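Please read all numbers here as calculations on a predicted model, not as lab measurements. By convention here, the first residue in the shown sequence is residue 1.
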Amino acid sequence: MKKRVYKSNGVKAPTPADTLDREDIQKLKDYFLSLDLTKPNNLRNYTLFTFNINVGLRAQDLLSLPKDLIIRNGKVVDLFAIREMKTGKKRIIELNNTAQKVIQQYYDTFYEVLKNSPYLFPSRKKNQGTGHLTLSSFDKILREARDKSGVNPAYTVSSHSARKCLGTALYNQGVPIQQIQMMFGHNRPETTMIYISALKQKAQKLYHQVEL
């Protein structure tokens, strides 16, 4: 059982143990790729997971992305701007090659499905009309992927996992914590460091280098 860490107000805080490593991410991607990607839901779910791992948006911003913000004249943009729902801050999102490629493939394959939706990731449920995929549905998709992909069931795989994964990867590659903080829209670097499992890994490495 994972140790729970709580903030002073009693709310559970993010822990480094919740951060997936590259091997876990690949297991999840392989699971999504093993499904029948000719079905719109399956390709949408793979695209959604891969896209967010590479951009690290909060779930509410990710799921409500307007299609026309990302796709212009049939092509994926290099960058776009959003105003975050949680903070009200404007954020510029640059798309790397992986994010652009996965969205372009998704759009090209299911253009007929997407053309009637204002959202990039529409719900396929009849009672949702032209709405977007809901947070509860996305979390359910990710839990099922964790359970069937071989990822340790003790890990929390949720819509929030991508931000932690991206933050850790950037930190491991030498990106200054202040830049990651700005990217995530955190007010303090201490908040950003909670997301980053690399801090714990670095401390453990230093500990084993010291003998008193």
Side-chain angles (χ1 to χ4, degrees), residues 19-82 84 91-124 130-135 137-146 148-151 155 157-170 172-173 175 180 183-184:
T19 303
L20 305 172
D21 59 25
R22 286 183 178 272
E23 182 179 350
D24 292 322
I25 292 171
Q26 191 58 54
K27 286 180 180 179
L28 289 165
K29 290 178 73 174
D30 287 344
Y31 163 74
F32 284 117
L33 287 170
S34 72
L35 304 176
D36 182 358
L37 297 186
T38 64
K39 295 182 178 180
N41 280 11
N42 290 341
L43 185 58
R44 180 202 60 193
N45 296 344
Y46 167 70
T47 303
L48 184 56
F49 175 75
T50 304
F51 181 73
N52 204 31
I53 283 291
N54 284 277
V55 299
L57 286 170
R58 288 186 176 90
Q60 56 189 349
D61 296 318
L62 171 72
L63 297 173
S64 62
L65 280 174
K67 178 186 61 187
D68 293 343
L69 186 66
I70 312 298
I71 307 289
R72 296 176 189 169
N73 298 319
K75 298 296 181 182
V76 180
V77 298
D78 295 323
L79 56 84
F80 62 93
I82 65 167
E84 295 181 323
R91 179 178 166 189
I92 305 297
I93 311 294
E94 292 191 43
L95 300 183
N96 61 23
N97 289 334
T98 298
Q100 288 182 305
K101 183 178 179 180
V102 74
I103 292 294
Q104 189 70 60
Q105 180 182 14
Y106 168 63
Y107 178 77
D108 290 344
T109 303
F110 290 112
Y111 168 76
E112 291 299 323
V113 174
L114 292 172
K115 72 177 183 180
N116 296 320
S117 172
Y119 298 106
L120 187 62
F121 301 110
S123 171
R124 299 282 293 160
T130 58
H132 59 72
L133 186 70
T134 64
L135 177 57
S137 293
F138 186 33
D139 280 337
K140 182 179 179 180
I141 289 165
L142 292 175
R143 285 195 300 271
E144 182 176 352
R146 177 200 61 191
K148 294 183 177 180
S149 66
V151 171
Y155 281 88
V157 180
S158 69
S159 52
H160 203 56
S161 299
R163 284 169 65 81
K164 300 176 186 179
C165 294
L166 182 60
T168 298
L170 291 171
N172 282 333
Q173 292 176 17
V175 177
I180 302 174
M183 178 181 179
F184 282 178

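- Taking Tyr107 as the reference, Tyr111 meet the ring-ring contact (aromatic ring centres under 6.0 Å, His included) condition, with sequence neighbours excluded.
- Distance check, rounded to the nearest 0.5 Å: CD1 of Ile70 to CD1 of Ile93 gives 8.5 Å.
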Output, in order, the C-alpha distance, side-chain angles, deciding distance and verdict of side chain to side chain contact (heavy atoms under 4.5 Å, CB included) for Leu95 and Asp78. CA-CA 6 Å; Leu95 300 183; Asp78 295 323; over 6 Å; no
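- Under the 3.5 Å distance criterion, the side-chain polar atoms of Asn73 are left unmatched by any main-chain donor or acceptor of Lys75.
- In this structure, Asn97 places its CG atom where only 12 or fewer heavy-atom neighbours from other residues, nucleotides or ligands lie under 6.0 Å away.
- Counting heavy atoms from C-beta outward, Asp36 and Leu43 have side chains that stay 4.5 Å or more apart.
- When the side-chain contact (heavy atoms from CB on, under 4.5 Å) test is applied to Asp68, no partner is found at least two apart in sequence or on another chain.
- Taken to the nearest 0.5 Å, the CD1 atom of Ile53 stands 10.5 Å off from the CZ atom of Arg22.
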Stepwise side chain to side chain contact (heavy atoms under 4.5 Å, CB included) check, Gln26 with Glu23: CA-CA 5 Å; Gln26 191 58 54; Glu23 182 179 350; 5.8 Å; no
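- Residues Leu48 and Leu63 share a closest heavy-atom pair of CD2-CD2, 3.9 Å.
- Within the 4.5 Å cutoff, side-chain heavy atoms of Asn52 are placed close to those of Leu57.
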List the steps, then state whether side chain to side chain contact (heavy atoms under 4.5 Å, CB included) holds for Tyr119 with Leu65. CA-CA 6 Å; Tyr119 298 106; Leu65 280 174; over 6 Å; no
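- For residues 40-50, the side chain to side chain donor-acceptor pair (under 3.5 Å) pairs, not counting sequence neighbours, are Asn41-Arg124.
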For a side chain to side chain contact (heavy atoms under 4.5 Å, CB included) check, start with the C-alpha distance between Ile82 and Ile92, then their side-chain angles and the critical distance, and finish with the verdict. CA-CA 7 Å; Ile82 65 167; Ile92 305 297; over 6 Å; no
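- Looking at Asp30 and Lys27, their side chains never come closer than 4.5 Å, going by heavy atoms from C-beta outward.
- Not a single ring-ring contact (aromatic ring centres under 6.0 Å, His included) links Phe80 to another residue, sequence neighbours left out.
- Of all heavy-atom pairs spanning Pro122 and Leu120, the tightest one is CD-O, 3.3 Å.
- Between Gly74 and Asp108 the shortest heavy-atom distance is O-OD1, 4.4 Å.
- Glu94 pairs by the side-chain contact (heavy atoms from CB on, under 4.5 Å) definition with Leu79, not counting sequence neighbours.
- Ion pair Lys140/Glu144 not flagged as a salt bridge, since none of the NZ, NE, NH1 or NH2 atoms sits closer than 4.0 Å to an Asp/Glu carboxylate oxygen.
- For Gln105, the CD atom is loosely surrounded, since the number of other residues' heavy atoms within 6.0 Å does not exceed 12.
- For the pair Ile141/Leu133, a side-chain contact is recorded, criterion being any heavy-atom separation below 4.5 Å from C-beta on.
- Minimum interatomic distance between Ala99 and Asn54 (heavy atoms only, all atoms of both residues): CB-CB, 4.2 Å.
- The two residues Val113 and Pro40 make their nearest non-hydrogen contact at CG2-CG, 4.2 Å.
- Legend: residues meeting ring-ring contact (aromatic ring centres under 6.0 Å, His included) with Phe121, ordered by chain and number and at least two apart, are Tyr106.
- Looking only at side-chain heavy atoms (C-beta outward), Val157 and Arg143 stay at 4.5 Å or farther from each other.
- Between the side chain of Lys67 and the backbone N or O of Leu114 there is at least one donor-acceptor pair closer than 3.5 Å.
- Contact annotation: the side chain of Phe138 approaches that of Leu62 to within less than 4.5 Å [non-hydrogen atoms, C-beta and beyond].
- Side chains of His132 and Ser64 form a contact here, defined as non-hydrogen atoms less than 4.5 Å apart.
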